[in-house]
Q: 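Got a structure for you, questions after.
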Amino acid sequence: MHNNFSQLNSEQKKAVTHTEGPVMIIAGPGSGKTRVITERIAHLIQLEIPPQNILALTFTNKAAKAMKNRIHKITENANAFSIWMGTFHSIFAKILRKESHIMGYTPYFTIYDNEDSVKIIRRIIKEFNLDKDMYNAKYVFARISFMKNNLVDSKQYNIDQDLIKQDLINKREEFKNIYTKYCNECHTSNAMDFDDLLLKTHELFKQNKNILEYYQSIFKYILIDEYQDTNKVQDAIIKQIGRKYQNVCIVGDDSQSIYSFRGANINNMLNFKMFYKSVKEFKLEQNYRSTQNIVNAANSLIAHNKNKIEKTIFSENENGNKIKILKYANDREEGDQISDIIAKNIVKNKKKASEYAILYRTNSQSKVLEDGLRKREINYKIFGGLSFYQRKEIKDVMAYLKLIINNNDNESLIRIINYPTRGIGPTTIERIRKTSEKKNQSMWQTLNSPLIEEINVQKKTKNHLTDFVQMMKKLLQLIDNNVFEIIEELIILTNIIQKLKEDPTDENINRVNNIGELVNSMKMFAERKKNNTLLDFINEVSLDESKDDEKTSQDYVSLMTIHQSKGLEFPYIYIVGLETGLFPSQKSIQESRLLEEERRLFYVAITRAINQVIVSHAKNRFRFGTITQSEKSFFIDEINPLFIEELTYKSKSISLNKKNQEWKKIKTPPKLENRNLRKITKGISHIIDLNINQKIIHNIFGEGIIKKIDNSNGNQKITVLFVKNGEKVLLTKFAKFKIIS
DNA sequence: CGGTAGAATATTTTT
DNA sequence: TATTCTACCG
């Protein structure tokens, strides 16, 4: 256990060792930011600061976990894991659960995700009999979210004459009532949405001096990563808790601020110096990640932004190749050809799939790339998009689990009271809701009381209701059992899986498999030594979407949105869909503030690369079910031409006939690692050549042997006996597996 | 109440 | 296009 800063440059070293007072570290891309943060915290611990007095807020929980491990390694201090480290949301959820009674919640409050919130708002709009076009639920939710992130709660909204006047002009004068009702609904459900986790924390500290003082004295050293992406509430909370010791260290890069749609405000970073009297500022300007060409290209792009902190990012690595700009006829060709280039590099040039990442502006762009990679049997992994816990069937099961923890959660109750169908329809649900509302209580409280008799429904329906209550009561008794026992019992009592199996469509088979996966993960969760209760489980999955099993040995191409690529690096970066209207997005083009953010987004994308950046655009693209034409993004032309070379891909037909393929030079000769383009294996059919008793390896279930193949209906179904997971029916169209014998 | 067919809607990005 | 929502009939 000794200090070893020898590998840090002098500016990094200063940033690590200057521990007292407010500090601002401006860290350009690839400047060793993560190292500086971990070393800084490790340094504090080595200075005998108790780890439980350190608060470190990161952008994702995954990053927090990785950092904790590294700090633990450096310091060899067993207590290193008691640092308060995590996202704003997860840390404050922890505090709120502890102090919930003061805020009028129980410690078991549910956390609603955006889908839940929108559904509630949609119901309110319907109940108010409002025009669905004037009051679009998603728009209303976005506005509520924006208000919360700017410290305007529903009470304040109602007395803010400017806002009310504005709504009146826009003919949305009911907004304030929807906002109020939504907050009430959440409160009776004993639930908070994502924004509440921040807003209520701020309120808690504001209204309770003693509690604020307690946390001020606990958090002697505060460190916040990615400060450029904090919003007003987050900034305000930091000001609250940092006031006592003022040991607040913020780290970030204004040029990488890409979350303004979530209320993030670069000014939090720019104003930091004005709030504290003596801010010590460090600039990490040397990029150790990328080639000089990449850094220069990125610099020339970001120079077009006006609103930024001046700094000079430079690289002393080798010059490297120019950025390649590839032009395709349409999105299919783009996906196909890029897959082809990557596939060839992997097969012929012995590159690893994990050296490649494909980045895009919108999730929907992943599809063509997926097709291309799958066709060539290249391993890939799509990050984000529909996360596992957002799938319908998983959310259904989770709703039961949430209800066990928090019976008052109306949203979850409405979701599952008739799923699987048990004769309780919309009319009945509406009546329960009305009765409950009158009594100012949750729907479960109504059902679980003599009041159930007052609900005006037919006798048959009433029996269905009491059956449901009986079943739920059985489940509620299990609350302290281990999570695996709970889920097993739940599946038996509710018949969820059985019902799905009765109607074995492709989709339902997939659902059963997904629920199976959930059961598996709960089994693993139950085997933990501590923090393995149902509440722990729900808490973890509500806030930590990245439940990636850290099996890093897997070799795959990474596909993700640029937003998700923040903080990551790859040797080869492909950025697809560089077309005006898509990137920059249509909505951003008129407003310079938004356009600058899109430019920063492109900047982030380029600076993920270590060796080479390849950018592509297509003339025609399939969007909203029709083909749209678009032009090369003007962002490309903003890069100094010295650092790019443009190529165009010629093919006369989409069937990609061998003879029609050639690369046409626009400026400099193509130096692509793969010059000889081959014909593509034809066929989009999902029937794969498989044999009984063949061994396969599945990305989730592991190794198994094919027992049955069913090629009817053009959808190939195979029954596989897995070594560890038993027999499963898979659709080869969806399943991700490899043949190993 | 349940199921289905046809309509409506969405494509910016996420804790 | 893909998914989710709504209306209507059995």
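These numbers were taken from a predicted model, which means no experiment stands behind them. Below, chain A is the first sequence line, B the second, and so on; all start at residue 1.
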Q: Nearest to the A:Thr461 side chain among B:dC1, B:dT15, B:dT12, which nucleotide is it?
A: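 Within the option list, the nearest is B:dC1.
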
Q: If you measure from the C1' atom in B:dT11 to the same atom in C:dT6, how many Å do you get, rounded?
A: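 Those two atoms are separated by 23 Å.
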
Q: Do A:Tyr259 and A:Phe59 have ring centroids that are under 6.0 Å from one another?
A: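 For A:Phe59 and A:Tyr259, the ring centres are under 6.0 Å apart.
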
Q: Any donor-acceptor pair under 3.5 Å between the side chain of A:Asp113 and the base of B:dT15?
A: no

Q: Write down the distance between CZ (A:Phe146) and C1' (B:dT15), rounded to a whole number of angstrom.
A: 17 Å

Q: Using a cut-off of strictly less than 4.0 Å, decide whether A:Thr427 has a side-chain nitrogen or oxygen near OP1 or OP2 of B:dC1.
A: yes

Q: Provide the closest heavy-atom pair for A:Ile606 versus A:Val613 in the form atom of the first, atom of the second, distance.
A: O-CG2, 3.7 Å

Q: Starting at the 5' end of DNA chain B, which residue's closest nucleotide do you reach first, A:Lys587 or A:Phe141?
A: A:Lys587

Q: Respond yes when some side-chain nitrogen or oxygen of A:Asn149 is under 4.0 Å from OP1 or OP2 of B:dT15, and no when none is.
A: no

Q: Salt bridge (Lys or Arg N to Asp or Glu O under 4.0 Å): which pairs involve residues 576-585 of chain A, sequence neighbours left out?
A: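 Listed by first then second residue: A:Glu579-A:Arg621.
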
Q: Applying salt bridge (charged side-chain N to carboxylate O under 4.0 Å, His left out), can you list everything that pairs with A:Lys138, at least two apart in sequence or on another chain?
A: none

Q: Starting at atom CG of A:Leu594, determine the distance to atom C1' of B:dT12, rounded to an integer number of angstrom.
A: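 About 11 Å, once rounded to whole Å.
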
Q: Starting from P on B:dT14, measure out to CG on A:Asn61 and report it in whole angstrom.
A: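 Atom-to-atom, A:Asn61 to B:dT14, this comes out as 16 Å.
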
Q: By the 4.0 Å heavy-atom rule, please label A:Thr428 as base, sugar-phosphate, or nothing.
A: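 The residue A:Thr428 makes sugar-phosphate contact but no base contact.
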
Q: Can you tell me the distance, in whole Å, between the CD1 atom of A:Ile382 and the P atom of B:dT14?
A: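 To the nearest whole Å, that distance equals 13 Å.
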
Q: Using a 4.0 Å heavy-atom cut-off across all strands, classify A:Glu598 as base, sugar-phosphate, or nothing.
A: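 Result for A:Glu598 = base.
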
Q: Residues two or more places apart in sequence or in another chain: which of them pass salt bridge (charged side-chain N to carboxylate O under 4.0 Å, His left out) with A:Lys239?
A: A:Asp235

Q: Please tabulate, one pair per line, each protein N/O and nucleotide N/O from nucleotides 2-7 of chain B that are separated by under 3.5 Å, including the distance.
A:
residue: B:dG2; atom: OP1; partner: A:Gly423; partner atom: N; Å: 2.6
residue: B:dG2; atom: OP2; partner: A:Asn418; partner atom: ND2; Å: 2.9

Q: Go through B:dT11, B:dT14, B:dA10 for me and flag the one nearest to the A:Ser364 side chain.
A: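 So the side chain of A:Ser364 is nearest to B:dT11.
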
Q: Name all residues meeting the salt bridge (charged side-chain N to carboxylate O under 4.0 Å, His left out) criterion together with A:Asp225; count only those two or more places apart in sequence or in a different chain, and write none if there are none.
A: A:Lys33

Q: List the residues meeting salt bridge (charged side-chain N to carboxylate O under 4.0 Å, His left out) with A:Arg415, not counting sequence neighbours, and say none if there are none.
A: A:Glu115, A:Asp396

Q: For A:Tyr400, which residues count as a side chain to side chain donor-acceptor pair (under 3.5 Å) partner, sequence neighbours excluded?
A: A:Arg422

Q: My understanding is that only residues two or more places apart in sequence, or in another chain, count here; which of them pass side chain to side chain donor-acceptor pair (under 3.5 Å) with A:Glu638?
A: A:Arg599

Q: Measure the distance from CZ on A:Arg599 to C1' on B:dT12 and round it to the nearest whole Å.
A: 17 Å

Q: With distance as the sole criterion, do the side chain of A:Arg361 and the base of B:dT13 form a donor-acceptor contact below 3.5 Å?
A: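 Yes, the side chain and the base share a sub-3.5 Å donor-acceptor pair.
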
Q: Quick one: on DNA chain B, does A:Lys138 or A:Thr561 contact a more 5' nucleotide (nearest heavy atom)?
A: A:Lys138

Q: For a quick check, with a 4.0 angstrom heavy-atom cut-off, what is the B/S/- contact string for nucleotides 1-8 of chain C, read 5' to 3'?
A: BS-SSS--

Q: Which one, B:dT14, B:dT12, B:dC1, comes nearest to the side chain of A:Gln564?
A: B:dT14

Q: From OH of A:Tyr139 over to P of B:dA10, roughly how many Å is that when rounded to an integer?
A: 14 Å

Q: Would A:Phe109 and A:His187 count as a close aromatic pair, with their ring centres under 6.0 Å?
A: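 Centroid separation for A:Phe109 and A:His187: 6.0 Å or greater.
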
Q: At less than 4.0 Å, is any side-chain N or O atom of A:Asn363 found next to OP1 or OP2 of B:dT14? Yes or no.
A: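 Yes, such a contact exists.
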
Q: Which part of the nucleic acid, if any, lies within reach of A:Phe583 when heavy atoms closer than 4.0 Å are counted: base, sugar-phosphate only, or nothing?
A: nothing

Q: Do A:Asp371 and A:Arg332 come close enough that some side-chain heavy atom pair is under 4.5 Å?
A: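 When only atoms from C-beta onward are counted, A:Arg332 and A:Asp371 do touch, with a gap below 4.5 Å.
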
Q: Students often get this wrong, so: under 4.0 angstrom with heavy atoms, is A:Asn136 touching a base, only sugar-phosphate, or nothing?
A: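 Since only primed, P, OP1 and OP2 atoms lie under 4.0 Å of A:Asn136, the category is sugar-phosphate.
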
Q: Rounded off to whole Å, could you give me the CZ-to-C1' distance for the A:Arg262 and B:dT14 pair?
A: 5 Å

Q: May I have the distance from A:Asn231 (atom CG) to B:dT15 (atom P), rounded to whole angstrom?
A: 14 Å

